Amino acid sequence: LRGDGSLSTKTPGSERSDRYVYDPSNPAATIGGPLCCDSEHLAPGPRDQRPTEARDDVLIYSTAPFTRDFEVTGPVSLDLYAKSSSVDTDFTGKLVDVWPNGFAQNLTEGILRARYRDSQERPQLMNPGEVYKFTIDLWATSNVFRKGHMLRLEISSSNFPRFDRNLNTGEDAEFAQRHVPATNTIYHDAQHPSAVVLSIVTE
């Protein structure tokens, strides 16, 4: 949140990568969202995401404030070029509407376990240090970003307890005896054009 991450429609150039350390013993907490069944302990719906965004393991990319209303209606996905120091990890994405007063309203989100990047039926562990392309389904939304609001993308590796923690070892959680931190690196340059893909409604 204290960095200089931005979202733009310009083709990326020679931009530096971003990285963070995801530690399964300290996952980013779920705040609102499409939850059900236990609202007493985990309230659903739109909630202020700033407590999560203040973490060092959550990357923040925002547009400039819109100069006029901007509507997004339809499916949302994230093309992400990334590498990890571990053989398996998760990558999460969240689309956020940032109000002029700073309120960061969650809209839609998704997650991908790296070993299932190509197939749900045939998991394949990563080679640590190798860059992969991940496509993360962020489901869909219908939202008008009002004039003065910003569109924001959060990238991390946990959203717990909505999604189970990845222990970064490649083992199934029920059988795993250990967990390890993972240093995850996100690329967004000409060779690795990471992008959030939106359905924009124009007049």
Side-chain angles (χ1 to χ4, degrees), residues 1 3 5 15-38 41-42 49 51-61 75-96 106 108-139 153-189 191-197:
L1 189 61
E15 300 179 5
R16 294 193 305 173
S17 60
D18 301 315
R19 68 180 180 180
Y20 59 92
V21 176
Y22 158 57
D23 185 348
S25 67
N26 183 29
T30 299
I31 303 178
L35 307 170
C36 76
C37 314
D38 191 11
H41 295 96
L42 204 59
Q49 301 301 303
T52 294
E53 292 178 350
R55 294 172 58 98
D56 290 334
D57 57 356
V58 179
L59 300 180
I60 304 296
Y61 303 92
V76 182
S77 63
L78 174 60
D79 292 335
L80 192 68
Y81 290 84
K83 70 179 182 181
S84 179
S85 62
S86 297
V87 296
D88 191 34
T89 195
D90 289 348
F91 290 103
T92 65
K94 185 182 297 180
L95 193 70
V96 176
N106 52 309
T108 190
E109 59 195 42
I111 189 170
L112 179 66
R113 184 144 292 186
R115 69 177 116 163
Y116 298 114
R117 63 192 177 277
D118 297 323
S119 170
Q120 291 284 338
E121 292 75 26
R122 294 183 298 277
Q124 186 175 10
L125 297 178
M126 296 184 295
N127 295 318
E130 181 177 341
V131 179
Y132 296 89
K133 180 183 179 181
F134 303 94
T135 299
I136 305 174
D137 185 0
L138 303 189
W139 294 77
L153 174 68
E154 297 176 14
I155 295 175
S156 188
S157 289
S158 54
N159 183 350
F160 181 79
R162 184 186 178 202
F163 298 110
D164 191 22
R165 299 172 303 156
N166 193 319
L167 303 183
N168 299 331
T169 63
E171 304 170 281
D172 290 330
E174 60 182 308
F175 303 115
Q177 301 295 316
R178 61 188 181 93
H179 64 266
V180 297
T183 299
N184 294 334
T185 305
I186 308 301
Y187 291 86
H188 42 82
D189 55 39
Q191 289 73 40
H192 309 95
S194 294
V196 58
V197 182

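All of these numbers come straight from a predicted model, not from anything done at the bench.
- Across all their heavy atoms, Pro27 and Arg165 have their closest contact at CG-CD, 3.7 Å.
- With contacts defined as side-chain heavy-atom distances shorter than 4.5 Å, the pair Ser157/Phe91 qualifies.
- Between Asp57 and Ser156, the side chains place no donor N or O within less than 3.5 Å of an acceptor N or O (distance only, hydrogens not considered).
- Heavy atoms only, all atoms of each residue included: Val58 and Ala28 are closest at CG2-CB, 4.5 Å.
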Go through the steps for Ile155 and Ile186 under the test side-chain contact (heavy atoms from CB on, under 4.5 Å), then give the verdict. CA-CA 9 Å; Ile155 295 175; Ile186 308 301; 4.2 Å; yes
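- For the residue pair His179/Asn166, the side-chain donor-acceptor check at 3.5 Å is not satisfied.
- Residue Arg113 holds its CZ atom at 10.5 Å from CZ of Phe163, rounded to the nearest 0.5 Å.
- Of all the heavy atoms in Pro181 and Asn168, the pair that sits closest is C-ND2, 3.8 Å.
- Across Asp137 and Val76, no two heavy atoms sit closer than the pair OD1-O, 3.7 Å.
- To the nearest 0.5 Å, atom CD of residue Glu154 and atom CZ of residue Arg55 are 11.0 Å apart.
- Nearest approach of His188 to Arg16, heavy atoms of both residues: CE1-O, 3.2 Å.
- Here CD1 of Ile31 is found 8.5 Å from CD of Glu53. Values are rounded to the nearest 0.5 Å.
- Counted by atom type alone, Thr183 and Tyr22 present zero donor-acceptor pairs between their side chains at under 3.5 Å.
- Judged by distance alone, the side chain of Ser86 and the main-chain N or O of Asp88 form no donor-acceptor pair under 3.5 Å.
- Across Asp90, Thr30, Thr52, Thr92, a single residue satisfies side-chain hydrogen bond (donor to acceptor under 3.5 Å, both in side chains) together with Asn159, and that is Thr30.
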With side-chain hydrogen bond (donor to acceptor under 3.5 Å, both in side chains) as the test, would you mind laying out the steps for Tyr132 and Ser84 before giving the verdict? CA-CA 9 Å; Tyr132 296 89; Ser84 179; over 6 Å; no
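- Cation-pi contact between Arg117 and Phe134: absent, since separation from the ring centre below 6.0 Å together with deviation from the ring axis within 45° is not met.
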Take Tyr61 and Asp18, measure what side-chain hydrogen bond (donor to acceptor under 3.5 Å, both in side chains) needs, and give me the verdict at the end. CA-CA 11 Å; Tyr61 303 92; Asp18 301 315; 2.6 Å; yes
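- No side-chain donor from either of Asp79 and Ser194 sits under 3.5 Å from a side-chain acceptor of the other.
- One distance of note links CD1 of Ile136 with CG of Leu80; it measures 5.0 Å at 0.5 Å rounding.
- Between His192 and Tyr81, the ring planes are perpendicular. Angles over 60° get that label, and only those under 30° would be called parallel.
- Rounding to the nearest 0.5 Å places CD of Gln49 at 4.0 Å from CG of Asn106.
- For Asp56, the CG atom counts as loosely surrounded, since its 6.0 Å shell holds 12 or fewer non-hydrogen atoms of other residues, nucleotides or ligands.
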Criterion side-chain contact (heavy atoms from CB on, under 4.5 Å) on Tyr187 and Lys83, from CA distance to verdict: CA-CA 8 Å; Tyr187 291 86; Lys83 70 179 182 181; 3.1 Å; yes
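- A side-chain donor-acceptor contact under 3.5 Å links Thr108 to the backbone of Leu138.
- Here the straight-line distance linking atom CG of Asp118 with atom OG1 of Thr135 works out to 9.5 Å at 0.5 Å rounding.
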Check against side-chain contact (heavy atoms from CB on, under 4.5 Å), Glu171 and Arg178: CA-CA 9 Å; Glu171 304 170 281; Arg178 61 188 181 93; 4.2 Å; yes
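- Annotation for Asn184 and Ser85: closest pair OD1-N, 4.5 Å, computed over non-hydrogen atoms.
- Within a 6.0 Å sphere centred on CZ of Arg162, other residues, nucleotides and ligands contribute more than 12 heavy atoms.
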